[in-house]
Engineer: 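A single structure is presented below for examination.
First the proteins, then the strands, lettered A, B, ... as listed; each starts at 1.
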2 protein chains.
Amino acid sequence: MVAHPGQGAALAATLLRVADGLRAAPGCEMYVINASADEPDTVWVTEVWADAEASDRALSADLGEVGIGEVLELLAGPPELVDLTPLGGPGLR
Amino acid sequence: MVAHPGQGAALAATLLRVADGLRAAPGCEMYVINASADEPDTVWVTEVWADAEASDRALSADLGEVGIGEVLELLAGPPELVDLTPLGGPGLR
């Protein structure tokens, strides 16, 4: 996700609050917020969900302290999504 | 990473053998091989390392059954790297 210029840290902070709201979400195996090493307004979220339904359910629900709307306001454009199927390797639960 | 046309599954299989060779590597917290949902020749590796030195050391070493050279032969071009700093969230050790 790319924030409006200068808003990368605010975007990361908001996403960290979203992540906190997902700690108990069923089917949420990972939701890690990452800062880009060379693009200060870019934030990557690496998510692992048990299935698409778990993701849809959790992210459309009230996320507690912060909602997705608060994230969308900070974005310079629509988020880029990379849809992956994990195959294996160390660190995968 | 993008494989030569039709070689996506071979690339994933080779990377899974690299991943197996990294299970005991010091500082390797994650090395997960992922298939792209919509690009059959594209494979993403999501890696988490304790520090850059741990990554350099492990990936330049003999990886056991398979080496990085075997991976490079399957690639259609240089791998795209996204360098990130994880900030927090569920699923991060």
Engineer: As an exercise: rank B:P86, B:S36, B:G89, B:A35 by heavy-atom pairs under 4.5 Å with chain A and give me the winner.
Structural biologist: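 Option with the top pair count is B:A35.
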Engineer: Are A:L11 and A:V2 connected, step by step, through hydrophobic side chains (Ile, Leu, Val, Met, Phe, Trp, Tyr) whose heavy atoms are closer than 4.5 Å?
Structural biologist: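 In one cluster: no.
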Engineer: With a 4.5 Å cut-off on side-chain heavy-atom distances among I, L, V, M, F, W and Y, is there a chain of contacts connecting B:L22 to B:L72?
Structural biologist: yes
Engineer: Tabulate, in ascending numerical order, the residues of residues 37-50 of chain A having at least one heavy atom closer than 4.5 Å to a heavy atom of chain B, or enter 'none'.
Structural biologist: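 So the qualifying residues are A:A37, A:W44.
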Engineer: Nearest 0.5 Å, please: how far is CG in A:L84 from CD1 in B:I33?
Structural biologist: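 Reported value, rounded in 0.5 Å steps: 11.5 Å.
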Engineer: Out of A:T85, A:L16, A:L15, return the one with the most heavy atom pairs under 4.5 angstrom to chain B.
Structural biologist: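 Highest number of pairs under 4.5 Å: A:T85.
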Engineer: Counting only heavy atoms closer than 4.5 Å, note whether B:L87 contacts chain A via side chain, backbone, both or neither.
Structural biologist: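 It is both, since atoms from each part get that close.
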